[in-house]
2 protein chains.
Amino acid sequence: MVACQVAICYNGLSYRVIDTLVTTLTTDDDMSARAPTMRDVAAIAGVSIKTVSRVINDEPGVSSELAERVQAAVKLLGYRHNSAASNLRRADGRTATIGLLLEDAANPLFSALHRAIEDVAWEHDTLVFAGSSDADPEREKKIVLALSSRRIDGIIVVPAIHDHSGLVYMQRLGRPIVFVDRLAALPDADSVTVDNRVGGSTAVAHLVAHGHRRIAFLGDLHSIWTAAERHLGYIEGLASAGIQLDPHLVYQDIRGSVAAEFATLDLLGSANPPTALFTAQNLITIGAIRALQRLELQHKVALVGFDDLELMDLLDPGVTVIAQNAAKLGRTAAELLFARLGGDRAPPQHVVVPTRLIARGSGEIRLSS
Amino acid sequence: MVACQVAICYNGLSYRVIDTLVTTLTTDDDMSARAPTMRDVAAIAGVSIKTVSRVINDEPGVSSELAERVQAAVKLLGYRHNSAASNLRRADGRTATIGLLLEDAANPLFSALHRAIEDVAWEHDTLVFAGSSDADPEREKKIVLALSSRRIDGIIVVPAIHDHSGLVYMQRLGRPIVFVDRLAALPDADSVTVDNRVGGSTAVAHLVAHGHRRIAFLGDLHSIWTAAERHLGYIEGLASAGIQLDPHLVYQDIRGSVAAEFATLDLLGSANPPTALFTAQNLITIGAIRALQRLELQHKVALVGFDDLELMDLLDPGVTVIAQNAAKLGRTAAELLFARLGGDRAPPQHVVVPTRLIARGSGEIRLSS
DNA sequence: TGATATTTTGACAACGTTGTCAGGAGTTGA
DNA sequence: TCAACTCCTGACAACGTTGTCAAAATATCA
């Protein structure tokens, strides 16, 4: 039994009272205190560590009297549970954390998706690690490695084009994976997307219904699944309307609004320009609108964009869009993940979240004959 | 020594080869495998656990021959480091994680801030837990508790109005705290804000320079520090111009774009309406523009907003704003935090990130006499 | 009152790492 | 050839919990 020379001494452990908290002395003179542990709580409450654990974890088999003493000690010490220690020893291996791998956390679609996932995780007392891959396979690989070393319970991924060895590893350890905004790239994984192809053909059908037949397509990298699907939707939409595809009206692999602006200027400056545009990604829509405004054609050339953005209703004309429901995408992905974590053994499923055409003016400009 | 009945047996531990990975058998028939540990790597490499640890952590004092054997075993097993075990035993208590407490992860300012912080953290091999408080003190408290139980290394906070006992606890354990977009609410904490007051007076000065003297203020909840500061800037701007404040032109405690739209309609429908508006928050700016468009006054009533948004340049007129640099706010906050984590003992500091007036048309509408 | 059953409590091992320290092997110099 | 020194390697304890299991205390019944 060590000799005690400070304010409080319990069973050989020394404590100093600071404000209303009792702080465990460290062995050196460093003023930062060691975090109180169950051992400290046990010492002050006069019970065993196991009894403290039972109280902290709300397990049965503790008398009321002892439970009250433990809770008083917890409050006195300001005890905080240590997740690392708990995770290391618990039988189910759960960490109450999930990973979320986005392209870019600042992107409006992904930040809305992130928030929806956080809200579902919150209901399951789970924290979210979020990371941005920038569609860079090396960065994504490293993020997945960092997440797997922390033994997260599961992961929701907007995958970049890359190998999935890191995700395979998690899956092998029984960690569920949900792909979002992309198809599942692994056999035993759920996925959630909007119906990009239907959205694409809806955009084309809408423009056709307003008299247009020379409809241009401006899309993102064709290697991105969503871009490829929207392109297919464009093709199917034309075919449904009996319109022959004009390759001069198809611009793919456009990255960013500046490239989109130039692509639009190029299109509209050609010999037989389109009378309508389908801009299959937000930044492309922005660039196209800049080009239309520059040419003062925003009231003459029709435009339907893919996905919505704040203020699009305030533009002149308002922008007609195929809107994605980011919150529902995120919520559905999270619910699928937590269903798996809850024991769901059903075959993997692919959930399609519908898009919605929002008519605001730009897509309702009729072809003038 | 246990009898081995499967493909590989090393020092009493049994393994089964699956694909190119060797998977440690579990004791039951469950097909999900136990994650390989250093013990398994040691068994296959024929070295001690400590030698494996030295190789994994790039510590000196291991011969090349043994290092190669360990690395081959790591690859064979697909070994992944266990952060919980490491964190529990390491002397410095570091977890290579930080917390980020925002109002709403989907908000464009905060998602841009989040991304900037993630990028700085990435350079420090650190993951980010992000949470949204919705400015709800109870939810914030619970998030802080969840973060502190995971022993995060530090935290960046956009605080709601609440008590800081949870943050005090982290600080007491030596975890640095940085407040962002708000002043520091604790003595030993750094903080980063934009200069809201200067931005406010700049907005007013700009409108005065274009002939306006009846300038309205529309602001968020006055209990939010940024809103209060922008209001003070408005008052100071008027005083600098020798303009007497008209209380009828001041609308505070506006929440959301719909409320802002009605407030603007109310203002403009009054007996002596303003000729210019200073809308001190983004959603308020959006609501005010809707009102102006509805009244067809968007070319007659001048407007300067606070903070920028995608597409504001494409509106007619383009929206003049006092823009915040969310990425710099986030980057600066993260750099302050990592400086503390790196041992910086300087007195706490408050960094002010300048705002920038972006003239696009709406703030340059001159008063017509 | 004593035997039996149930509840409460606590001892102890275990999780997977890291840090400390000791022992063995190899090298060098007298 | 031997002593001293340096390097490499490994044994073992420790971190703070949880899970298992046994002992002690309490309650019940004959």
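Just so you know, these numbers come straight off a predicted model, no measurement behind them. Throughout, a chain's letter reflects where its sequence line sits, starting with A, and its residues are numbered from 1.
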A/Leu88 has its side chain closest, among C/dT18, C/dA11, C/dG16, to C/dG16

Can you find a side chain N or O atom of A/Thr51 that sits less than 4.0 Å from OP1 or OP2 on C/dT9? no

Within this structure, what is the CG-to-P distance between B/Leu66 and D/dC7, rounded to whole angstrom? 17 Å

Should the ring pair B/Phe179 and B/His164 be called parallel, tilted or perpendicular, given that the plane angle runs from 0 to 90° and is split at 30 and 60? perpendicular

By nearest-nucleotide position on DNA chain D, the 5'-leaning member of B/Arg151 and B/Gly61 is B/Gly61

What is the distance, to the nearest angstrom, from the CD atom on B/Glu65 to the P atom on D/dC8? 13 Å

B/Asp40 CG to C/dC15 P, straight-line distance once rounded to whole Å: 11 Å

5'-most contact on DNA chain D (nearest-nucleotide basis), A/Arg54 vs B/Ser64, goes to B/Ser64

Interatomic distance, B/Ile56 CD1 vs C/dG19 P [rounded to whole Å]: 14 Å

Which one, D/dT17, C/dG16, D/dG10, comes nearest to the side chain of A/Met38? D/dT17

Distance check: side-chain N/O of B/Ser53 vs OP1/OP2 of C/dT17, anything under 4.0 Å? no

Just to confirm, is there a sub-4.0 Å distance from OP1 or OP2 of D/dT9 to any side-chain nitrogen or oxygen of B/Ser63? yes

Pairwise distance CD1(B/Ile117) to OG1(B/Thr126) - rounded to 0.5 angstrom: 13.0 Å

Rounded to whole angstroms, how far apart are CD on A/Glu68 and P on C/dT9? 12 Å

Assess whether one donor atom and one acceptor atom, taken from the side chain of B/Arg89 and the base of C/dT18, lie less than 3.5 Å apart. yes

I'd like to know if A/Lys142 pairs up with A/Asp136 as an ion pair, taking the criterion as any Lys NZ or Arg NE/NH1/NH2 lying under 4.0 Å from an Asp or Glu carboxylate oxygen. no

What nucleotide, of D/dG19, C/dT18, D/dT18, holds the atom closest to the side chain of B/His81? C/dT18

Write down the distance between NZ (A/Lys50) and P (D/dA22), rounded to a whole number of angstrom. 15 Å

Main-chain N/O of B/Asn82 paired to A/Ser149 side chain as donor or acceptor, under 3.5 Å: no

Measure from CD on B/Glu59 to P on D/dC8 and round the result to the nearest Å. 13 Å

Closest to side chain of A/Val47, choosing from D/dT17, C/dT17, C/dG10: C/dG10

Separation of atom CZ in B/Arg150 from atom P in D/dG16, rounded to whole Å: 18 Å

Ignoring backbone atoms, establish whether B/Ser86 has a side-chain N or O less than 4.0 Å from OP1 or OP2 of C/dT17. no

Less than 4.5 Å apart, side chain to side chain, heavy atoms only: is that true for B/Arg150 and B/Thr95? no

Are any of A/Asn87's side-chain N or O atoms less than 4.0 Å away from OP1 or OP2 of C/dC15? no

